[in-house]
Amino acid sequence: MYLELEHIRKEYDGKVAVEDLSLQVPRGAIYGIIGPNGAGKTTTIRMVMNITAPDSGRILINGQDRPREFTNLVGYLPEERGLYKKMTLEQIIIYMAELKGYSPAKTRLKIGPWLERMQLSGYRKRKVEELSKGMSQKLQFITTIMHEPELLILDELFSGLDPLNTELMKNVLLDLKRSGTTVLFSTHVMEQAEKLCDNLCMISRGQKVIDGRLSEVKGRFGKNAVQVEIEGDGSFVASLPGVAGVTDFNRYLELRLANGANPDSILRALVEKVSVRRFAVVEPSLYDIFIELAQVDPSEVRGQEASHV
Ligand code: ATP
């Protein structure tokens, strides 16, 4: 299934949440909608799901208006999660799949393997209320994919998951992609998108900043960043000639280079003052690209680049 948004706009009480947004989610791709809190990600997803209607613009599925069977072909994980707490995991999985027209007999066959994959095997007959937040998240994910949707729409899928579960979830998404599922997910953690998506759209204040294949987006920026690990005080680095900005990733610094700046001369300037443990010219991160293109103050998106969750 492929999805297109054409010039979508949404306003709430005179405040624009999404402005003239167009994007294409190719069939079989993992597509990330990326942007800081309040950028308009959830509003966009809600419009795709027909929970809220756009003020203008069109949403097309396989090149046509949303088909009547759309909801059964889609698996949607909303940002606000909630499952009936008194039901057992088995009951809720069967119930949610049945709402999507999937037979309980088929669900029963698949519950065991999915609970095992999500490391919830021992909980089949336990109640939802007995789960931790991360475990409920994984359960909700199972209810989202059980009916074998062609398109998965996942709003802030990774929030609340620890690094091991984040890794687990990424691998599951890659497997689903291999079996032909199209995945659209939103995140404010740019690093997550970087590791997972084939295509992406960055939005800021309701507007598109850039979109395309991850490799193209990065390619457009060339190799204009340098990572350095130094010993001692690095406060002077930001004022070196050729350095346009510095992000402190704790273990290392990432320097955005000014146009035409030469990494060699920056290395020379560094070794004059401190001992350099590592120096590497790298592709710019999505975070760097976002900061440059959206022209936002880094403090607005602080913590969204390097939270290793
Ligand atoms: P987050 O990462 O915080 O979830 P987001 O990118 O998903 O953010 P949205 O939830 O789409 O952002 O919000 C975009 C803008 O629209 C915000 O300014 C928000 O206040 C506004 N907004 C969203 N939903 C409503 C609503 N139902 N009524 C009024 N304003 C809304």
Side-chain angles (χ1 to χ4, degrees), residues 3-25 30-59 74-82 133-134 136-137 140-141 144 151-162 166 169-170 173 183-197 199-212 214 217 285-287 289-309:
L3 167 71
E4 293 163 283
L5 272 57
E6 288 182 348
H7 305 291
I8 296 298
R9 180 176 206 279
K10 181 73 190 178
E11 196 178 297
Y12 291 110
D13 310 320
K15 188 166 175 286
V16 179
V18 174
E19 176 78 284
D20 193 25
L21 181 65
S22 297
L23 57 86
Q24 295 84 36
V25 180
I30 299 187
Y31 192 104
I33 298 186
I34 307 161
N37 294 138
K41 304 179 296 294
T42 297
T43 305
T44 303
I45 284 178
R46 290 172 140 249
M47 288 190 280
V48 172
M49 289 308 300
N50 209 13
I51 295 168
T52 176
D55 300 332
S56 56
R58 292 210 306 166
I59 293 173
V74 174
Y76 169 51
L77 182 80
E79 192 177 27
E80 304 82 33
R81 331 267 196 236
K133 192 171 159 215
S136 326
Q137 180 103 325
Q140 189 134 6
F141 179 78
T144 307
L151 172 66
L152 271 183
I153 299 189
L154 310 166
D155 201 355
E156 294 286 359
L157 167 69
F158 299 105
S159 72
L161 292 181
D162 65 24
T166 299
M169 198 61 94
K170 280 183 188 157
L173 290 182
V183 179
L184 172 66
F185 74 99
S186 77
T187 182
H188 64 275
V189 183
M190 301 196 191
E191 235 189 22
Q192 282 168 350
E194 188 134 20
K195 286 189 189 147
L196 189 62
C197 62
N199 301 64
L200 63 99
C201 176
M202 282 186 184
I203 56 176
S204 171
R205 301 177 187 131
Q207 289 184 314
K208 178 157 77 184
V209 173
I210 192 169
D211 68 342
L214 177 66
V217 167
S285 64
L286 287 180
Y287 172 79
I289 294 174
F290 183 84
I291 294 294
E292 185 160 336
L293 287 181
Q295 304 203 321
V296 295
D297 188 291
S299 64
E300 268 187 60
V301 284
R302 200 95 204 121
Q304 301 187 10
E305 78 290 12
S307 53
H308 294 271
V309 285

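Whatever order the structure lists ligands and atoms in, that order sets their numbers, starting from 1. This structure is a prediction, so every number in the text was calculated from the model and none was measured. We count residues from 1, following the sequence as given.
- The line from CG of Asn37 to NE2 of His188 is 5.5 Å long, rounded to the nearest 0.5 Å.
- Between Glu194 atom CD and Ile289 atom CD1 the span is 7.5 Å, to the nearest 0.5 Å.
- With sequence neighbours excluded, the residues that form a salt bridge (charged side-chain N to carboxylate O under 4.0 Å, His left out) with Asp211 are Lys208.
- If you take CG on Leu157 and CD on Gln137, they are separated by 6.5 Å, rounding to the nearest 0.5 Å.
- Between Ser22 and His7, the closest heavy-atom pair is OG-N, 2.8 Å.
- When heavy-atom distances to ligand 1 are checked against 4.0 Å, the residues falling inside are Tyr12, Lys15, Ala17, Pro36, Asn37, Gly38, Ala39, Gly40, Lys41, Thr42, Thr43, Glu79, Glu156, ordered by chain and number.
- Of all heavy-atom pairs between Lys41 and Ile34, the closest is CD-C, 4.2 Å.
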